[in-house]
Amino acid sequence: MAISRFLCYVNDRVNNTDRFCFALAGGNGAIMEKTWRTVRTVPVLLALAFVPLIVTAKKYNIGLNGYKWYSDSVTSTDLFLYWKGQMLILLAFLMMACLLVSLAKKEWMPDWRRFRTPELLWLGSYLVLAVISSLCSEYREFSLWGSYEQWEGMFILLAYGILMLYVYLMVDTEWLIRLVVYGIVAGGFLMGLLGTFQFLGMDLFRGRVGQVIMNLLIRPKMNYTFNFSEGWVYASLYNPNYVGSYAALLLPVLVTVAMMEWRKLSRFWTVTAMAGSCLMTVTLLGSQSLTGCVGVIASVVFLVIYQWRRIVTCLGWKKLGASAAALGVFAAVAVTVFPAQFQAGTDKLFHPKEDTHMIRQMVSSAQGLNVITAGDRSFTVVLTGQEEEPLKVQDAEGREQELLFHEGGNYYTIKDHSYDYKKNGTVIAEPRLYKTVVTKDDIVYEAVRIVDHQFVYEKDKAWTIARVGEEYQIYNAFRKLDRLQDIPAAGFAGNQHFGDKRGYIWSRTLPLLKDYILTGSGPSTFTLVFPNHDYVGKMNMNYDGVTVTKPHNMYLQIWTQTGLLSLIAFLLLFGWYFVKSVRLYWNSPLETVPQKIGVAVMVALFGYMVTGIANDSTVAVAPVFWGMLGFGMAVNRLVAARAQKKDRAIA
């Protein structure tokens with residue numbers, strides 16, 4: 001009884017009412033039910049507010065050292081993703097336990113009619129396809145549990161689905177809507193506070209307290225350093241890009257709650273939302289996430305178009321003009337304070353760095369090493385093994401090309417300058433061939449060092465190619481000899497630096513899609529199917545020695561890992577919810593808390609889907625998306641039911 005009285009007191013303080021505790025003292029069953037409903041919402045609040053904040057170390061076996069394109073490192077340490085995923089799985093079990101308790105007690109059994117919605121059909125299809133993809137995967141262990149820098153294995157995807165379903169089923173009163181909103185506001189406020197302190201140069205994780213937090217679950221203790229410069233915001237989300245996705249999700253809800261009348265919600269939460277909105281804006285700007293800014297702007301544009309008439313009616317033209325002016329001033333101040341970041345962001349989209357490399361591909365053939373230039377010219381390099389003439393070069397028709405030997409640099413060039421990469425009459429790059437040797441496993445191999453010599457724009461790029469038997473292999477950044485293969489590419493020719501090198505990653509990902517129509521490669525396996533052995537392409541992008549672990553596009557990520565059918569199911573899931581929301585609130589007066597929250601969640605989810613064009617799904621942010629998707633569906637159900645009841649009463 002003491003515990004029940006305490007829970008009742010919490011409800012009373014948050015909801016500003018005294019009648020519940022009074023009734024509980026008399027053993028009122030309805031209040032016990034309300035208390036139970038409040039308790040079973042705790043896993044949701046933890047998933048939405050607490051999970052994104054978890055930062056603690058996990059040492060694990062990478063499992064990639066057997067691949068030639070990866071180093072010999074056996075173990076690594078994760079700070080931002082692994083334990084978030086494990087906590088989410090634990091909460092998913094708690095949610096299932098709460099569902100079983102609700103089913104065991106008939107008075108708390110959910111209305112089974114709630115399952116009669118197409119969104120749950122598409123959710124089930126998406127999860128079933130993810131499971132099938134995992135079980136059929138060539139990399140099953142990675143698919144089930146997650147992998148290096150990608151901890152979204154099958155069990156994490158199932159936890160997402162359980163979270164969405166649980167929120168949808170259990171949020172069935174306005175009180176629970178308010179409670180979930182309070183959790184979202186609390187999480188946004190704390191994340192904004194953490195990010196703002198980082199922006200001000202007071203990063204929690206660089207200090208003593210942060211080091212203690214990160215070492216909670218690891219022995220021996222470690223000292224951590226960060227690649228991000230001071231003032232660059234990453235919050236607790238691992239990557240500044242993920243801060244952008246998180247901000248796109250949270251800002252619409254924070255701003256909506258901040259703008260509500262105090263009589264609609266608790267004053268405490270209204271003020272918290274006001275502060276959280278400001279902190280989250282600073283966090284977004286400090287992250288320098290162009291994708292996040294685009295997502296937020298897209299949300300604002302969508303809301304203005306969608307609710308244009310109501311905005312004009314509510315604000316009037318004067319207030320509307322003042323609001324537009326205030327936004328203009330804010331944008332001008334932001335550009336003034338962050339001129340370099342703003343310029344860098346616009347350049348990524350509209351003025352990406354020029355592709356100036358001459359050598360596009362190298363492939364071992366029966367005749368020798370076939371080199372393909374950026375201008376689609378090709379020549380073949382042959383290592384002769386002769387001291388007098390160690391190198392030969394043949395054109396595409398097999399004709400031998402005359403070489404010039406440069407004694408000062410001890411290298412060869414092709415006399416025919418048509419192989420040089422020119423632009424506007426200026427030579428940008430030329431191929432230089434250096435005779436050399438490499439040693440591997442105490443065996444000396446004859447080799448050629450091919451240098452993409454840059455006259456302008458960039459530093460030289462060089463590859464060392466050894467003849468192993470009759471095959472030409474590349475000596476990579478990890479001092480491993482690997483085969484030279486033809487790497488398929490699609491699109492972004494000459495524009496691979498688009499979107500901060502997303503053009504390159506997308507061009508290598510698109511050819512993979514045809515192999516993953518029915519089932520994908522398995523959750524969390526993008527690293528293993530992406531051509532990380534594209535040594536020439538990666539060198540051209542200054543990615544030499546870097547492992548590409550994600551496609552920087554949520555939709556390409558889903559297609560590759562769980563298949564095209566699962567991507568279609570995911571899009572239908574969101575699309576069905578989105579279309580229903582647009583229709584539901586089109587003529588809604590937006591007077592009640594559920595109506596306003598319903599629109600805010602719809603706009604937030606729309607912004608997140610926009611960020612998915614250039615950001616990946618990650619366990620750092622995705623739980624908030626899936627939880628809010630289920631929450632949005634639950635709010636829509638309640639708003640629609642009240643509208644139908646009102647229509648029947650009028651009739």
Side-chain angles (χ1 to χ4, degrees), residues 45-60 62 73 75-91 146 148-152 156 183-247 249-251 254 272 275-289 292 338 341 549 615-616 618-624:
L45 302 181
L46 291 175
L48 295 177
F50 175 66
V51 167
L53 294 168
I54 295 175
V55 177
T56 192
K58 166 66 178 179
K59 192 172 183 179
Y60 65 95
I62 302 172
S73 298
T75 61
S76 184
T77 302
D78 176 87
L79 288 170
F80 296 96
L81 302 178
Y82 180 84
W83 286 115
K84 286 181 172 71
Q86 300 309 299
M87 176 58 72
L88 184 65
I89 292 175
L90 175 61
L91 292 176
Y148 174 66
E149 293 192 5
Q150 269 202 317
W151 293 103
E152 271 196 333
I156 296 296
I184 295 172
V185 170
F189 173 82
L190 293 175
M191 190 69 73
L193 190 65
L194 180 62
T196 300
F197 275 117
Q198 288 177 349
F199 174 71
L200 297 175
M202 296 179 285
D203 188 352
L204 170 68
F205 300 117
R206 298 178 196 262
R208 184 175 301 177
V209 174
Q211 296 289 324
V212 171
I213 293 173
M214 291 185 289
N215 278 307
L216 281 177
L217 300 176
I218 193 171
R219 297 290 185 278
K221 305 299 183 184
M222 301 175 65
N223 291 321
Y224 303 98
T225 58
F226 296 88
N227 294 327
F228 303 117
S229 58
E230 287 195 19
W232 196 357
V233 175
Y234 60 93
S236 60
L237 301 175
Y238 176 58
N239 190 303
N241 287 326
Y242 299 153
V243 175
S245 296
Y246 185 86
L249 269 175
L250 270 290
L251 270 174
L254 290 171
T272 303
S277 300
C278 298
L279 295 172
M280 187 56 64
T281 301
V282 174
T283 296
L284 173 60
L285 295 175
S287 72
Q288 303 176 30
S289 172
F338 305 100
Q341 291 83 350
T549 60
N615 281 352
D616 314 272
T618 172
V619 72
V621 183
V624 183

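The analysis underlying the following values was restricted to heavy atoms, covering all of them including side chains, and did not include hydrogens, waters or symmetry mates. Just so you know, these numbers come straight off a predicted model, no measurement behind them.
Within a 6.0 Å radius of NZ in Lys59, no more than 12 heavy atoms belonging to other residues, nucleotides or ligands are found. The neighbour count for Phe205 CZ, taken as heavy atoms of other residues, nucleotides or ligands under 6.0 Å away, is above 12.
At least one side-chain heavy atom of Val51 sits less than 4.5 Å from a side-chain heavy atom of Leu91. No side-chain heavy atom of Val233 sits under 4.5 Å from any side-chain heavy atom of Gln288.
A donor-acceptor pair under 3.5 Å is absent between the side-chain atoms of Lys58 and the main chain of Tyr82, judged by distance alone. Between the side chain of Thr618 and the main chain of Ala620, a donor-acceptor pair closer than 3.5 Å is present. Using a distance-only test at 3.5 Å, with no hydrogens or angles considered, a donor-acceptor pair links the side chain of Ser236 to the main chain of Pro52. Here the side chain of Asn615 pairs no donor or acceptor atom with the backbone of Gly244 at under 3.5 angstrom. Between the Ser287 side chain and the Val243 main chain, no donor and acceptor come within less than 3.5 Å of each other.
For residues 192-209, the pairs satisfying side-chain hydrogen bond (donor to acceptor under 3.5 Å, both in side chains) are Gln198-Asp203, Asp203-Arg206, Asp203-Tyr234, with sequence neighbours left out.
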Mind running side chain to side chain contact (heavy atoms under 4.5 Å, CB included) on Tyr224 and Leu79 for me, showing each step along the way? CA-CA 10 Å; Tyr224 303 98; Leu79 288 170; 3.8 Å; yes

Set out, in order, the CA-CA distance, both residues' side-chain angles and the distance that settles side chain to side chain contact (heavy atoms under 4.5 Å, CB included) for Leu53 and Met191, then state yes or no. CA-CA 7 Å; Leu53 294 168; Met191 190 69 73; 3.6 Å; yes

What verdict does the side chain to side chain contact (heavy atoms under 4.5 Å, CB included) test give for Tyr242 and Asp616, after you've listed the backbone C-alpha separation in whole Å, the side-chain angles of each residue and the deciding distance to 0.1 Å? CA-CA 8 Å; Tyr242 299 153; Asp616 314 272; 4.0 Å; yes

List the steps and the verdict of side chain to side chain contact (heavy atoms under 4.5 Å, CB included) for Trp83 and Leu217. CA-CA 10 Å; Trp83 286 115; Leu217 300 176; 3.7 Å; yes

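Shown here for Thr549 and Glu149, the closest heavy-atom pair between the two residues is OG1-OE1, 3.4 Å. Between Pro623 and Ala47, the closest heavy-atom pair is CB-O, 4.2 Å.
Using a 30° and 60° split on the angle between ring planes, Tyr60 and Trp151 fall in the perpendicular class, above 60°.
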